[in-house]
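Shown next, in structure tokens, is the structure this report addresses.
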Amino acid sequence: MARVKDKKEIGKTGEYVSSLGLGTFGIQDYDRALKAFIYAFENGVDNYDTAEMYGNGAAEEFLGRFIKEVGRENVFITTKIMPHNMVSRERAERSARNSLKRLGISTVDLILLHWSEPHLSLEKQIKNLEYLADKGYTRYIGVSNLNVSEMELAINTLSKHDIVANQVRYSVYDRRVEKNLLPYCIKNRITIQAYTPIERGEVVGDRILKEIGEKYGKTEVQVALNYLISQELVIPIPKTEKKERIEEFIGSMGWRLSQEDIKLIREKIPSRYSIDDLEEEQ
Ligand SMILES: NC(=O)c1ccc[n+]([C@@H]2O[C@H](COP(=O)([O-])OP(=O)(O)OC[C@H]3O[C@@H](n4cnc5c(N)ncnc54)[C@H](OP(=O)(O)O)[C@@H]3O)[C@@H](O)[C@H]2O)c1
């Protein structure tokens with residue numbers, strides 16, 4: 001298979017990564033996953049998502065093994081720190097150091113605040129996140145699961161660094177972000193990393209996606225992923241540990257759905273959550 005060259009800028013950093021990344025949540029068989037990830041890398045996937053929380057650090061250790069195989073300079077690594085570990089500089093530093101140790105690298109490319117915990121001060125956590133960039137634990141910082149008002153608060157709290165990404169749930173079945181968050185991120189040049197982009201396999205068998213896919217010679221999964229890739233600044237990060245599914249993911253890059261087919265998806269596939277609920281939940 002040819003190495004696909006389909007890249008997108010991360011925020012306004014001037015750095016480009018593949019328009020699809022790979023997630024690492026819930027891996028069952030790390031040896032099998034390693035083979036699948038190397039295959040993905042060889043075919044043009046260069047950005048990978050993990051978190052201190054996944055497998056209690058085991059997912060970061062797995063990515064560490066993977067990075068050794070493919071070379072640190074060839075991949076863009078995102079990890080996430082949980083809110084309760086961001087409440088003080090000391091805790092944030094300890095988390096970052098532990099993540100780096102598990103990943104076997106000296107600096108991560110992007111650290112995200114995993115989510116916002118209502119009873120903890122978001123400003124404090126964002127300041128500590130910025131501190132991690134100041135200290136060189138990460139090159140860039142970002143957030144996850146934040147809505148527009150939380151993002152505004154976060155951006156106003158920062159003094160030196162930009163938020164380059166917000167990682168949120170986004171798929172053809174969950175398009176809540178399209179109402180406010182996506183336009184806000186586009187206006188501010190912030191990447192959306194779309195998680196659960198194939199609804200854990202539920203898009204397989206969708207009649208509308210299948211019909212559209214037939215026109216392009218693509219599967220339902222590939223159409224669902226390309227719907228996201230076709231949106232400005234959106235990078236889906238699906239997960240699989242199976243090589244044949246990696247091959248399917250790769251086939252979602254290097255082409256775009258027509259505007260008519262994007263419109264068709266919006267008209268024919270109802271978003272599972274009302275687009276009006278968005279601000280409350282995202
Ligand atoms: N920031 C956050 O709060 C947050 C939350 C959730 C997820 N994430 C990130 O986003 C990544 C992806 O999200 P996700 O894992 O929730 O959902 P997803 O990518 O939509 O689905 C992954 C699941 O679908 C299965 N799958 C993959 N291809 C398939 C196919 N062709 N047919 C049927 N099933 C298929 C996978 O199993 P196999 O491995 O067996 O193929 C896996 O169990 C995560 O790994 C994580 O890195 C972030």
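For ligands, and for the atoms within them, numbers begin at 1 and follow the listed sequence.
Atoms of ligand 1 lying under 4.0 Å from at least one heavy atom of Y54, given by number and element, are 4 (C), 8 (N), 9 (C), 46 (C), 47 (O), 48 (C). Close contacts of ligand 1 with H114, meaning ligand atoms under 4.0 Å from a residue heavy atom, involve 1 (N), 2 (C), 3 (O). Interface of T24 with ligand 1, defined as ligand atoms under 4.0 Å from a residue heavy atom, comprises 45 (O), 47 (O). Proximity to I237 (heavy-atom distance under 4.0 Å) selects the following atoms of ligand 1: 9 (C), 10 (O), 11 (C), 12 (C). Close contacts between ligand 1 and Q167 involve ligand atoms 1 (N), 2 (C), 4 (C), 8 (N), 9 (C), 48 (C) [criterion: under 4.0 Å to a heavy atom]. Numbered from 1 in the order shown, with element, the atoms of ligand 1 that lie under 4.0 Å from a heavy atom of V204 read 32 (N).
Note that CG of N166 is 6.0 Å distant from CG of L146, once rounded to the nearest 0.5 Å. In this structure, CG in L182 is found 11.5 Å from CD1 in I190, a value given to the nearest 0.5 Å.
Distance alone, capped at 3.5 Å, places no donor-acceptor pair between the S230 side chain and the R256 backbone. The backbone N or O of Y227 lies less than 3.5 Å from a partner atom in the side chain of Q231, making a donor-acceptor pair. The main-chain N or O of I208 is never found under 3.5 Å from a side-chain atom of E211 such that the two would form a donor-acceptor pair. A donor-acceptor pair under 3.5 Å is formed between the side chain of R72 and the backbone N or O of V75. Although no hydrogens or angles enter the test, the distance criterion places no donor-acceptor pair under 3.5 Å between the side chain of S95 and the main chain of A92. Judged by distance alone, with hydrogens and angles left aside, the side-chain atoms of N226 form a donor-acceptor pair with the main-chain N or O of S252 at under 3.5 Å. Between the side chain of Q167 and the main chain of Q193, no donor-acceptor pair closer than 3.5 Å is present.
Here W115 has no heavy atoms under 4.0 Å from ligand 1, in either its backbone or its side chain. Contact annotation: for E241 versus ligand 1, heavy atoms closer than 4.0 Å belong to both the backbone and the side chain. Using a 4.0 Å cut-off between heavy atoms, E248 contacts ligand 1 through its side chain alone, with no backbone atom that close. Residue-level proximity to ligand 1 for T240 is carried by backbone and side chain together, each with a heavy atom below 4.0 angstrom. Contacts with ligand 1 closer than 4.0 Å are made by side-chain heavy atoms of V221 only, the backbone lying farther away. Here S171 has no heavy atoms under 4.0 Å from ligand 1, in either its backbone or its side chain.
Around atom 36 (C) of ligand 1, the closest heavy atom drawn from K239, M53, E244, R200 belongs to K239. Heavy-atom proximity to atom 3 (O) of ligand 1, evaluated over L112, N145, D49, is greatest for N145.
Taking the six-membered ring where tryptophan is involved, the planes of F66 and F41 are perpendicular, since the angle between them exceeds 60° and thus also 30°.
The protein heavy-atom contact nearest to atom 26 (N) of ligand 1 is R245 NH1, 3.6 Å. For atom 10 (O) of ligand 1, the closest non-hydrogen atom of the protein is Y195 CB, 3.2 Å. The protein non-hydrogen atom at the shortest distance from atom 17 (O) of ligand 1 is T196 CA, 3.3 Å.
Y16 belongs to no multi-residue hydrophobic cluster, having no ILVMFWY side-chain contact under 4.5 Å with any other such residue.
Under the 6.0 Å distance and 45° angle rule, R169 does not count as a cation-pi partner of Y195.
Every heavy atom of Q193 sits 4.0 Å or more from the atoms of ligand 1. Residue contacts with ligand 1 leave out G26, since none of its heavy atoms falls under 4.0 Å from the ligand.
Considering backbone and side-chain N/O of F25, one or more are found under 3.5 Å from N/O of ligand 1. Between K80 and ligand 1, no pair of N/O atoms sits closer than 3.5 Å.
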